[in-house]
A.B. asks: 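Got a structure here, written out as structure tokens. Questions coming.
None of the values given here were measured: they were computed from a predicted structure.
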Amino acid sequence: MGERITFLIPEWNPAGRVAAMGEMKVEMERVTTPTLLILAAGMGSRYGGLKQMDPVGPGGETLIDYSIYDALRAGFGKAVFVLRKEMEQAFKETVGRRFESASRLEYVFQELEMLPPGFSAPVGRSKPWGTTQAILLAAVLLTNPLL
């Protein structure tokens with residue numbers, strides 16, 4: 001865990017003014033830079049393609065580019081992407097290469113058969129399990145607060 005820090009905060013009376021005497025001691029853990037978790041393994045079946053990599057900005061930026069840019073400006077230190085293995089190369093070339101020098105990027109792959117022990121995919125299922133599975137797979141890389 002991180003280093004503990006202590007703040008002395010003046011006590012407030014019900015009227016919202018600083019009390020004349022006494023202070024409240026508050027201990028908090030120092031938080032390292034947060035992690036941005038981006039779930040990008042969607043198949044785009046309703047959209048009709050891989051919206052994660054389609055350009056939308058004037059310079060060919062993707063929606064994910066804007067999210068990462070804003071997160072970096074807000075102090076995020078790492079981005080974790082949840083992808084499907086078959087889109088890894090295209091995603092890294094389209095999105096990853098733009099930010100690899102500015103931030104730590106990590107990738108985790110969401111596949112149908114990646115389930116907790118004791119579980120198996122039903123016969124005939126071809127799609128990954130969605131948001132819950134994606135977060136469970138990424139959990140091993142999420143050591144800081146995340147958004």
Side-chain angles (χ1 to χ4, degrees), residues 1-12 14 16 18 23-147:
M1 295 300 267
E3 159 191 4
R4 305 250 347 139
I5 54 176
T6 302
F7 295 97
L8 293 177
I9 301 173
E11 286 188 47
W12 290 83
V18 176
E23 290 182 327
M24 200 168 49
K25 184 177 178 181
V26 177
E27 285 196 20
M28 300 176 68
E29 190 164 320
R30 185 179 304 272
V31 176
T32 57
T33 58
T35 297
L36 179 65
L37 175 61
I38 298 181
L39 308 180
M43 301 176 84
S45 53
R46 291 185 303 266
Y47 175 75
L50 295 176
K51 62 185 170 200
Q52 307 89 315
M53 296 182 281
D54 277 355
V56 296
E61 299 87 358
T62 66
L63 288 174
I64 292 174
D65 288 336
Y66 288 106
S67 298
I68 297 168
Y69 176 80
D70 288 343
L72 290 174
R73 289 190 62 207
F76 282 67
K78 177 172 90 169
V80 174
F81 300 100
V82 180
L83 310 170
R84 283 179 288 117
K85 187 67 174 166
E86 64 264 19
M87 62 191 293
E88 176 184 15
Q89 183 176 350
F91 189 88
K92 285 181 175 181
E93 290 171 5
T94 304
V95 178
R97 69 175 169 79
R98 295 183 195 180
F99 296 98
E100 60 193 7
S101 64
S103 179
R104 194 166 123 215
L105 305 180
E106 296 191 62
Y107 301 86
V108 65
F109 302 101
Q110 183 177 11
E111 303 297 337
L112 175 65
E113 67 281 351
M114 298 174 119
L115 296 171
F119 290 88
S120 60
V123 175
R125 183 175 179 98
S126 60
K127 291 183 178 182
W129 294 95
T131 303
T132 302
Q133 182 197 29
I135 293 170
L136 284 172
L137 293 170
V140 69
L141 300 176
L142 303 175
T143 56
N144 296 352
L146 71 116
L147 180 63

A.B. asks: Provide the closest heavy-atom pair for Ala134 versus Leu39 in the form atom of the first, atom of the second, distance.
C.D. replies: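 Distance-wise, the nearest heavy atoms are CB-CD2, 3.8 Å.
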A.B. asks: Taking side-chain hydrogen bond (donor to acceptor under 3.5 Å, both in side chains) as the test, write out the residues that go with Gln89, two or more places apart.
C.D. replies: Glu93
A.B. asks: Write down the atom of Tyr66, the atom of Gly57, and the distance for their closest heavy-atom approach.
C.D. replies: OH-CA, 3.4 Å
A.B. asks: By salt bridge (charged side-chain N to carboxylate O under 4.0 Å, His left out), which residues pair with Glu88, not counting sequence neighbours?
C.D. replies: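 Glu88: salt bridge (charged side-chain N to carboxylate O under 4.0 Å, His left out) contacts with Lys85, Lys92.
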A.B. asks: Which pairs pass side-chain hydrogen bond (donor to acceptor under 3.5 Å, both in side chains) with one or both residues in residues 102-114, sequence neighbours excluded?
C.D. replies: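 Pairs touching residues 102-114 that pass the test: Lys78-Glu106, Arg104-Glu106, Gln110-Gln133.
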A.B. asks: Considering non-hydrogen atoms only, spot the tightest contact between Leu83 and Ala40 and give its length.
C.D. replies: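 Heavy-atom minimum between the residues: CD2-CB, 3.8 Å.
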A.B. asks: Assess the residue pair Val95 and Ile68 against the criterion (side-chain contact (heavy atoms from CB on, under 4.5 Å)); give the C-alpha distance rounded to whole Å, side-chain angles, the decisive distance to 0.1 Å, and a yes or no.
C.D. replies: CA-CA 10 Å; Val95 178; Ile68 297 168; 4.0 Å; yes
A.B. asks: Using 0.5 Å steps for rounding, measure from the CE atom of Met53 to the OG1 atom of Thr62.
C.D. replies: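 Between Met53 CE and Thr62 OG1, I get 9.5 Å after rounding to 0.5 Å.
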A.B. asks: For residues 61-74, pull every pair meeting salt bridge (charged side-chain N to carboxylate O under 4.0 Å, His left out), keeping only residues two or more places apart or in separate chains.
C.D. replies: Asp65-Arg98
A.B. asks: Could you work out, with side-chain contact (heavy atoms from CB on, under 4.5 Å) as the rule, every residue matching Ala138, not counting sequence neighbours?
C.D. replies: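 For Ala138, the residues satisfying side-chain contact (heavy atoms from CB on, under 4.5 Å) (neighbours in sequence not counted) are Leu37, Val80, Val82, Val108, Leu142.
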A.B. asks: Return the set of residues passing ring pair (Phe, Tyr, Trp, His ring centres under 6.0 Å) with Phe91 (not counting sequence neighbours), or none when no residue passes.
C.D. replies: Phe81
A.B. asks: Working note: Thr35 + Leu141, criterion side-chain contact (heavy atoms from CB on, under 4.5 Å); need CA distance, chi angles, decisive distance, verdict.
C.D. replies: CA-CA 9 Å; Thr35 297; Leu141 300 176; over 6 Å; no
